[in-house]
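Heads up: the structure comes next, in C-alpha cells.
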Amino acid sequence: MAGGGGGGRASAQRRAALAALITLLLLASLAFLLSATGTASAPNSAPFRLAAIRRHAEDHAAVLAAYAAQARKLSAASASQTESFLSISGHLSSLSSRISLSTVALLEKETRGQIKRARSLAGAAKEAFDTQSKIQKLSDTVFAVDQQLLRARRAGLLNSRIAAGSTPKSLHCLVMRLLEARLANASAIPDDPPVPPPQFTDPALYHYAIFSDNVLAVSVVVASAARAAAEPARHVFHVVTAPMYLPAFRVWFARRPPPLGTHVQLLAVSDFPFLNASASPVIRQIEDGNRDVPLLDYLRFYLPEMFPALRRVVLLEDDVVVQRDLAGLWRVDLGGKVNAALETCFGGFRRYGKHINFSDPAVQERFNPRACAWSYGLNVFDLQAWRRDQCTQRFHQLMEMNENGTLWDPASVLPAGLMTFYGNTRPLDKSWHVMGLGYNPHIRPEDIKGAAVIHFNGNMKPWLDVAFNQYKHLWTKYVDTEMEFLTLCNFGL
C-alpha cells in the first residue's frame with residue numbers, strides 16, 4: 001500500500017511539469033506572432049496617428065482659450081476687489097487715527113463700571129429668580145430662629161411673658177410651621193413689590209406702627225382695628241420685625257390677608273440702611289454685646305426717619321385690642337407737642353422718680369422726679385414736631401449717657417421715652433386707653449367696655465395659659481382660628 005501511494009504521487013508531478021512546459025511554449029509563440037504583426041503594419045498607421053495628434057492639439061487649444069477667458073474675468077474681479085479692499089482699509093485707518101489711547105482708557109473704564117454694575121444687579125436679583133436661593137435662605141432662617149430660642153432658654157434670657165406657662169412653645173411652633181410653609185411653597189408667598197403701593201406713604205391716611213416678633217398678636221391688633229374702623233381701607237399698618245421672623249409674617253398675611261381692605265406693610269430692620277452702628281448708639285451697643293437692649297423696642301425712636309413722608313403716626317403695642325374706631329386720634333390737638341399718651345401718675349404712683357436714677361447729677365439737673373409719667377401702648381406722635389425739636393438726636397445723647405446702664409434699666413424702653421419727650425407730651429383722654437389687663441384682675445367692666453383700646457400690659461398675656469379668664473375672650477375673639485397651624489401648635493384658645 002505504501003509503495004503504490006509513492007508511485008502515484010511521482011506520476012502526478014511529471015504530468016504537472018509537462019503541462020507547465022506546454023503552456024510556456026504557447027505563450028512564447030503568441031508573443032512572437034503579435035510582435036511580427038505590429039512591425040509589419042507600422043508603415044500603414046501614420047495617417048491615423050497624425051489625426052489623433054491634431055485632435056489632441058485642438059482640444060488643448062480650446063481648453064487654453066477657455067482658461068484665457070476665465071483669467072480675464074478673474075482679473076477684472078480681482079481689480080474690483082482690490083479697489084474695495086483699499087477703500088475699506090482707508091476708512092479703518094481714518095477711524096484708527098481718530099481713536100486715542102485716552103479714549104480707549106475711558107471706554108474701558110466705563111465698560112468695567114457697567115460690568116460691575118451688571119454683576120451687582122444680577123447678584124441682587126438672584127434671590128428673586130432663583131428658587132433654590134430662596135429655599136436656602138429660608139432654611140437658614142428656620143435654623144437661626146431655632147438656635148436663638150435655644151440659646152435664650154439656656155441663658156435664662158426669656159422674659160416673663162415667655163417664661164410663664166406652656167404657650168410660648170406654641171408661639172415657637174407657630175413660627176416654625178409658618179417658615180416650613182414658606183419653604184414648601186416659596187413661589188406662592190410673594191415678597192413686597194419693588195415699588196410700595198401709594199397707600200404706604202399717603203399722609204392723608206391713618207398710619208400705625210407696630211414693632212413685634214409675635215405674628216399672632218400682631219394679627220389680632222390688625223383684625224380688631226379693621227373691624228372697629230368706620231373706613232377700614234383708610235387704615236395702614238406698618239409692621240416692623242426682626243429679619244428672621246419676616247418670612248413667617250409674610251406667610252401669615254398671605255394666607256390671611258388683612259380684613260376689610262386694611263393695608264399692612266411688612267418690614268424688617270434690614271430695610272432701613274440708616275440703622276447702623278455709626279449712626280445709631282442702639283445698634284452700636286447691641287453689636288458691642290449689650291444683650292439688655294431690645295432692638296425692636298428701641299426702634300420706635302426712629303419713626304420720623306423710617307417714615308419720612310408721614311406727618312402723624314399712632315404707635316400700638318402688640319398686646320392691645322382695638323374696640324373703637326381710632327380715626328379720631330388724627331384729630332387730637334397735641335398743642336404743638338410731639339407725643340400724646342395716657343398719664344399713669346395716680347397720687348404718688350408712677351412718676352419720673354420711679355423709672356429713672358435720680359442719684360445721678362445729670363438726671364437731677366434735667367428732670368423733676370415728681371413729674372407725671374405716662375405709658376406706651378397707644379401713643380400719638382406728631383412727626384413734624386418730632387423733627388422740629390430733634391427728638392431723635394436727644395434720644396441718642398441719652399443712650400450715650402446710659403451706655404453702662406446707670407441712668408435707667410436698658411431692658412425697659414419707657415424711661416428712655418420719658419426723658420426724650422420730657423415736657424413734650426400731652427395727656428391723652430382716658431377713654432382712649434385702658435391699661436392693666438395683664439396684671440390687674442379688678443378693672444371695672446364699664447371702663448373696659450368704654451375704652452377705644454384695651455392693653456394687656458403685664459405678665460399675664462392673653463396668649464398665655466396664665467391669662468385672666470375674665471379678660472381673655474376680649475382678645476381671642478379676634479384670633480383667626482381657621483389658620484390650621486394654631487390647632488397643630490396646641491393653642492388653647
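Computation of the quantities below employed the complete heavy-atom set of this structure, encompassing side-chain atoms and omitting hydrogens, waters and symmetry-equivalent molecules.
Shown here for I283 and A277, the closest heavy-atom pair between the two residues is CG2-N, 3.7 Å. Considering all non-hydrogen atoms of both residues, H207 and D202 come closest at NE2-O, 2.6 Å. Taking both residues in full, the closest heavy atoms of P410 and G405 are given as CD-CA, 4.2 Å, listed atom of the first, atom of the second, then distance. The minimum heavy-atom distance between T201 and A309, with the atom names listed, is O-CB, 3.8 Å. Nearest heavy atoms, V479 versus L486: CG1-CD1, 3.6 Å.
The distance from atom CZ of R351 to atom CD of E343, rounded to the nearest 0.5 Å, is 9.0 Å. Of the inter-residue distances, the one linking H455 atom NE2 with I443 atom CD1 reads 11.0 Å to the nearest 0.5 angstrom. Rounding to the nearest 0.5 Å places OG of S280 at 7.5 Å from CE of M399. Separation of atoms OG1 (T392) and CZ (F274) is listed at 8.5 Å; rounding is to 0.5 Å. Atom CG in N339 sits 10.5 Å away from atom CG in D382 (nearest 0.5 Å). Summarising the geometry, atom NZ belonging to K461 is positioned 10.5 Å from atom CG belonging to L437; distances are rounded to the nearest 0.5 Å.
C489 meets the disulfide bond (SG atoms under 2.5 Å apart) test with C173; sequence neighbours excluded. Legend: residues meeting side-chain hydrogen bond (donor to acceptor under 3.5 Å, both in side chains) with N357, ordered by chain and number and at least two apart, are S359.
Although no hydrogens or angles enter the test, the distance criterion places no donor-acceptor pair under 3.5 Å between the side chain of K430 and the main chain of L342. In this structure, the side chain of Y471 engages the main chain of P441 through a donor-acceptor pair within 3.5 Å. Here the side chain of N290 pairs no donor or acceptor atom with the backbone of E287 at under 3.5 angstrom. Checked by atom type and distance alone, the side chain of R312 never pairs as donor or acceptor with a backbone atom of P203 at under 3.5 Å. In this structure, the side chain of E180 does not engage the main chain of V175 through any donor-acceptor pair within 3.5 Å.
Put simply, the residue from D318, D297, T241 that forms a side chain to side chain donor-acceptor pair (under 3.5 Å) with S212 is D318. V264 pairs with exactly one of W252, F253, F200 by the side chain to side chain contact (heavy atoms under 4.5 Å, CB included) rule, that one being F253.
A side-chain N or O of D389 and one of N424 form a donor-acceptor pair less than 3.5 Å apart. For the residue pair S224/Q323, the side-chain donor-acceptor check at 3.5 Å is not satisfied.
A 4.5 Å side-chain heavy-atom check between R324 and W432 finds at least one atom pair inside the cut-off. Side-chain contact between Y352 and F358 is present, with at least one heavy-atom pair separated by less than 4.5 Å. Within the 4.5 Å cutoff, side-chain heavy atoms of D213 are placed close to those of L296. Side-chain contact between H263 and H235 is absent, with no heavy-atom pair separated by less than 4.5 Å. Annotation: side chain of L179 is not in contact with side chain of Y245 (no heavy-atom distance under 4.5 Å). Using a 4.5 Å heavy-atom threshold, the side chains of L326 and Y206 count as separate. L315 places none of its side-chain heavy atoms less than 4.5 Å from the side chain of L378. By the 4.5 Å heavy-atom criterion applied to side chains, N379 and V314 are not counted as neighbours.
Here side chain to side chain donor-acceptor pair (under 3.5 Å) pairs that include residues 398-419, with residues two or more places apart or in two chains, are R284-E400, R284-E403, Y298-W408.
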Exercise for the section: Tell me, with the steps shown, if F301 and V413 meet side-chain contact (heavy atoms from CB on, under 4.5 Å). Expected result: CA-CA 10 Å; F301 291 102; V413 72; 3.6 Å; yes

Problem - Test log, rule side-chain contact (heavy atoms from CB on, under 4.5 Å), inputs V380 and V332 - result: CA-CA 9 Å; V380 183; V332 171; 5.5 Å; no

Problem - Candidate pair I454 and V321, rule side-chain contact (heavy atoms from CB on, under 4.5 Å), full reasoning - result: CA-CA 5 Å; I454 54 175; V321 170; 3.8 Å; yes

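Within 6.0 Å of atom CD in E482, 12 or fewer heavy atoms from other residues, nucleotides or ligands are found, so the atom counts as exposed in its surroundings.
The pair R255-E484 counts as a salt bridge, with a side-chain nitrogen and a carboxylate oxygen less than 4.0 angstrom apart. Taking the charged nitrogens against the carboxylate oxygens, E317 and R300 do have a contact shorter than 4.0 Å, which makes a salt bridge.
Cation-pi geometry between R234 and W330 is not satisfied (NZ or CZ under 6.0 Å from the ring centre, within 45° of the ring normal). Cation-pi geometry between R366 and Y422 is not met at under 6.0 angstrom from the ring centre and within 45 degrees of the axis.
The aromatic ring centroids of F395 and F421 lie 6.0 Å or more from each other. Ring centroids of F307 and H238 are separated by less than 6.0 Å, placing the two rings close together. Here the two rings, on Y302 and H396, have centers that are under 6.0 Å apart.
Ring geometry for W374 against Y376 counts as perpendicular: the plane angle is over 60°, on a 0 to 90° scale with 30° as the lower cut.
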